[in-house]
Amino acid sequence: MNDHQLAAQLAAEAGRLLLGVREELADAPQAERKAVGDKRSHDYLMTALGAERPDDAVLSEEGADDPVRLQAERVWIVDPLDGTREFSEPDRDDWAVHVALWQAGELTAGAIALPARGITLATPTVSAPPEHSGPPRIAVSRSRPPALAETVRDRLDGVLVPMGSAGVKVAAVIQGIADVYVHAGGQYEWDSAAPVAVARAAGLHTSRIDGSPLAYNRPDPLLPDLVVCRPEYARTVLAAIG
């Protein structure tokens with residue numbers, strides 16, 4: 001299978017594994033569900049990538065960072081469980097699995113699985129979001145809407161839409177459930193690589209909050225800020241937070 005198909009398959013399979021962990025540990029403490037989910041999904045992805053793409057490097061949130069990736073032409077960037085808190089709460093469906101491929105300086109394939117919703121969004125077949133005629137919707141964390149998002153809401157005369165993990169927020173923009181996602185509170189490459197790859201395939205704007213390009217497979221994987229939005233809002237959003 002090609003890289004796009006592999007990213008989609010691995011994200012979906014890891015998601016099904018995580019649903020099994022949820023069922024198996026339904027009566028366990030939340031901390032145990034988080035830990036087991038993270039580990040099993042990471043182990044699955046590492047084993048599967050080792051089998052399917054043995055010559056490629058991997059950067060995973062749950063694995064030790066091997067500096068060999070900095071000399072590699074192809075690096076898979078994965079978040080085995082994006083939104084551990086949401087995953088640990090049995091009634092929540094706003095968590096994700098991220099699988100992306102970085103190749104020679106660019107994100108070339110990616111998939112976001114939303115396992116509890118039975119959805120996987122992947123390059124290159126993802127569709128552009130449908131038109132929206134109401135006030136712009138800004139995706140924010142359900143527990144702590146950042147001041148940055150409130151600034152964007154005020155400038156766009158929009159509304160805040162609370163939801164879970166970073167991948168879910170980007171997926172919401174891709175699906176047309178939200179129109180803008182801005183983040184400046186600290187993230188890493190695995191938090192955004194797959195969502196950004198899929199968002200770009202859907203024709204959305206993606207950048208740092210200063211408008212500069214998002215770069216991946218760098219020595220320090222910290223990538224603290226992010227904008228994903230419908231292209232017609234990009235100039236106004238960047239001006240609001242600049």
Side-chain angles (χ1 to χ4, degrees), residues 61 77 79 82-86 92-96 98 100 106-107 110-112 114 117 119 121 123 126-216 218 220-242:
E61 178 179 16
I77 304 174
D79 189 343
D82 175 57
T84 53
R85 182 176 58 180
E86 288 78 13
R92 299 209 67 89
D93 64 3
D94 47 352
W95 50 277
H98 301 171
E106 297 292 340
L107 296 173
I112 314 164
L114 309 175
R117 300 178 184 177
I119 295 170
L121 305 170
T123 61
V126 64
S127 300
E131 293 297 323
H132 174 65
S133 58
R137 300 155 297 177
I138 297 91
V140 295
S141 296
R142 59 190 175 102
S143 58
R144 51 188 189 282
L148 191 68
E150 293 175 341
T151 298
V152 170
R153 175 201 59 193
D154 294 344
R155 178 67 67 91
L156 294 177
D157 196 20
V159 295
L160 300 181
V161 182
M163 59 187 72
S165 74
V168 168
K169 294 184 186 78
V170 176
V173 182
I174 295 167
Q175 294 173 293
I177 298 168
D179 303 296
V180 177
Y181 171 46
V182 295
H183 181 87
Q187 287 184 347
Y188 291 84
E189 292 186 11
W190 46 76
D191 292 306
S192 67
V196 164
V198 181
R200 288 175 178 171
L204 298 172
H205 169 87
T206 65
S207 72
R208 302 285 300 271
I209 61 173
D210 64 359
S212 62
L214 293 152
Y216 293 87
R218 299 158 309 139
D220 181 356
L222 179 68
L223 189 54
D225 56 78
L226 172 70
V227 176
V228 177
C229 67
R230 299 178 72 106
E232 61 265 32
Y233 294 126
R235 181 176 296 180
T236 305
V237 168
L238 293 172
I241 59 183

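If you take CD1 on Ile241 and CG on Leu148, they are separated by 5.0 Å, rounding to the nearest 0.5 Å. The SG atom of Cys229 lies 9.0 Å from the CG atom of Asp179; values are rounded to the nearest 0.5 Å. Between the OG atom of Ser192 and the CD1 atom of Ile77 there is a distance of 8.5 Å, given to the nearest 0.5 Å. Interatomic distance, OH of Tyr233 versus CD1 of Ile138, reported as 8.5 Å (0.5 Å rounding). If you take CD on Gln187 and CG on Asp79, they are separated by 10.0 Å, rounding to the nearest 0.5 Å. Taking CG from Asp220 and CD from Glu189, the interatomic distance works out to 8.0 Å, rounded to the nearest 0.5 Å.
Nearest heavy atoms, Ile112 versus Gly167: CG2-O, 4.2 Å. Listed here is the closest heavy atom pair of Ser127 and Ala202: O-CB, 3.6 Å. Closest of all the heavy-atom pairs between Ala171 and Leu121 is CB-CD1, 3.7 Å. The two residues Gly176 and Pro130 come nearest to each other via the heavy atoms CA-CD, 4.0 Å. Residues Ala96 and Leu114 come closest through the heavy atom pair CB-CD2, 3.8 Å. Ala201 and Thr123 make their closest contact through CB-CG2, 3.8 Å (heavy atoms, listed as atom of the first residue, atom of the second, distance).
At least one donor-acceptor pair under 3.5 Å links the side chain of Thr151 to the backbone N or O of Ala147. Panel note: side chain His205, backbone Val227; no donor-acceptor pair is recorded below 3.5 Å. Checked by atom type and distance alone, the side chain of Arg230 never pairs as donor or acceptor with a backbone atom of Pro136 at under 3.5 Å. A donor-acceptor pair is defined here as one N or O able to donate and one able to accept, closer than 3.5 Å; such a pair exists between the side chain of Arg218 and the backbone of Ala215.
Within the 4.5 Å cutoff, the side chain of Pro129 has heavy atoms near those of the Leu204 side chain. Proximity of Ser141 to Lys169: side-chain heavy atoms (C-beta onward) are separated by under 4.5 Å at one or more points. Counting heavy atoms from C-beta on, the side chains of Leu223 and Arg208 come closer than 4.5 Å.
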- Message: Quick one, Leu238 with Ile209, criterion side-chain contact (heavy atoms from CB on, under 4.5 Å). Give me CA distance, side-chain angles, the key distance, then yes/no.
- Response: CA-CA 6 Å; Leu238 293 172; Ile209 61 173; 5.6 Å; no
- request: Might you work through the side-chain contact (heavy atoms from CB on, under 4.5 Å) test for Val126 and Ile174, ending with a clear yes or no?
  value: CA-CA 8 Å; Val126 64; Ile174 295 167; 3.5 Å; yes
Step-by-step side-chain contact (heavy atoms from CB on, under 4.5 Å) determination, Glu61 to His98:
CA-CA 10 Å; Glu61 178 179 16; His98 301 171; over 6 Å; no
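A salt bridge links Asp94 with Arg92: at least one charged nitrogen is closer than 4.0 Å to a carboxylate oxygen.
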Sequence neighbours excluded and cut-off under 3.5 Å, please list the side-chain donor-acceptor pairs for residues 153-166, or say none.
residue: Ser165; atom: OG; partner: Asp82; partner atom: O; Å: 3.4
residue: Ser165; atom: OG; partner: Asp82; partner atom: OD2; Å: 2.6
residue: Ser165; atom: OG; partner: Val168; partner atom: N; Å: 3.3

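Aromatic ring pairs are classed by plane angle as parallel below 30°, tilted from 30° to 60° and perpendicular above 60°; the pair Tyr181 and His183 is tilted.
Thr206 pairs by the side-chain contact (heavy atoms from CB on, under 4.5 Å) definition with Val196, Ala199, Arg200, Leu214, Val228, not counting sequence neighbours.
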